[in-house]
Amino acid sequence: QPVESGGGAVQAGGSLGLSCTASGRSFGAGVGTVGWFRQAPGKDREFVAAITWSGDSIHYVDSVKGRFTISWDNAKNTVALRMNILKPEDTAVYYCATGNRNTQWAYVSNGEYYSFWGQGTQVTVSS
């Protein structure tokens with residue numbers, strides 16, 4: 001199961017970094033594509049970003065392009081989500097998901113194609 005960390009509270013315009021790990025172990029190639037999703041109170045879960053195991057394919061939802069960056073660390077232990085220029089509308093619980101065998105937008109942006117989910121970490125952006 002993936003484990004998220006790094007959430008917190010920040011003012012608008014600030015930055016936060018989230019991490020997704022495999023419970024203290026390295027992710028293997030079987031992790032497939034790793035995605036970040038978020039869910040704000042009263043709203044549906046929303047795709048945020050995804051990165052394939054190879055790192056060759058990266059996808060973002062339009063609302064975070066240019067502000068968020070998803071990446072692997074060199075050892076493939078962690079998938080990081082760097083969030084800059086945060087806005088109040090970014091406030092949500094952020095979830096890491098793994099086990100997606102696909103690389104194309106239609107599938108990596110759909111939570112139904114991920115096998116494992118973390119417990120989530122809260123991100124709160126105040127105006």
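Just so we're clear, the structure is a prediction, and the values are computed from it rather than from any experiment.
A 4.5 Å side-chain heavy-atom check between V48 and L81 finds at least one atom pair inside the cut-off. Side-chain contact check for T124 versus V10: every heavy-atom pair is 4.5 Å or farther apart. The closest side-chain heavy-atom distance from V61 to E46 is below 4.5 Å. H59 has its side chain out of reach of S109: every pair of non-hydrogen atoms, C-beta onward, lies at least 4.5 Å apart. At least one side-chain heavy atom of L16 sits under 4.5 Å from a side-chain heavy atom of L86.
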- Message: Is there a side chain to side chain contact (heavy atoms under 4.5 Å, CB included) between F116 and V31? Walk through the geometry before answering.
- Response: CA-CA 9 Å; F116 306 101; V31 72; over 6 Å; no

- Run the numbers on F27 and W53 for ring pair (Phe, Tyr, Trp, His ring centres under 6.0 Å), then give the verdict. CA-CA 9 Å; F27 285 114; W53 166 252; 7.8 Å; no

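No donor-acceptor pair under 3.5 Å is formed between the side chain of N102 and the backbone N or O of Q104. Counting only distance, with no hydrogens or angles, the side chain of S54 and the backbone of D56 share a donor-acceptor pair below 3.5 Å. Although no hydrogens or angles enter the test, the distance criterion places no donor-acceptor pair under 3.5 Å between the side chain of S26 and the main chain of N77. Judged by distance alone, with hydrogens and angles left aside, the side-chain atoms of E4 form a donor-acceptor pair with the main-chain N or O of C96 at under 3.5 Å. Between the side chain of T121 and the backbone N or O of G7, at least one donor-acceptor pair lies under 3.5 Å. Although no hydrogens or angles enter the test, the distance criterion places a donor-acceptor pair under 3.5 Å between the side chain of T52 and the main chain of S57.
Taking every heavy atom of both residues into account, Y60 and A49 meet most closely at CD2-CB, 3.6 Å. Closest approach of V34 to I70, counting heavy atoms only: O-CD1, 4.0 Å. Residues A92 and A40 come closest through the heavy atom pair CB-N, 3.8 Å. In this structure, Q39 and R45 approach most closely via the heavy-atom pair NE2-N, 3.8 Å. The shortest heavy-atom contact between K65 and D62 is NZ-OD1, 3.0 Å. Y94 approaches L18 most closely through the heavy-atom pair CB-CD1, 3.6 Å.
With values rounded to the nearest 0.5 angstrom, S15 atom OG is found 9.0 Å from M83 atom CE.
Placement of W105 and V79 within a single hydrophobic cluster is found when ILVMFWY residues are connected by side-chain heavy-atom separations under 4.5 Å, directly or transitively. One hydrophobic cluster, built from ILVMFWY side chains closer than 4.5 Å, cannot hold both W117 and V3; they sit in different ones.
Ring-centre distance between F68 and W36: not below the 6.0 Å cut-off. With ring centers used as reference points, F47 lies under 6.0 Å from F37.
More than 12 heavy atoms of other residues, nucleotides or ligands sit less than 6.0 Å from atom CD of Q122.
The hydrophobic cluster around Y113 extends to Y107, counting ILVMFWY residues whose side-chain heavy atoms fall within less than 4.5 Å of a member. Annotation for I85: hydrophobic cluster partners, listed by chain and number, are none (ILVMFWY side-chain heavy atoms under 4.5 Å, direct or chained).
Residue pairs that meet the salt bridge (Lys or Arg N to Asp or Glu O under 4.0 Å) test with at least one member in residues 83-103, sequence neighbours left out, are R38-D90, R67-D90.
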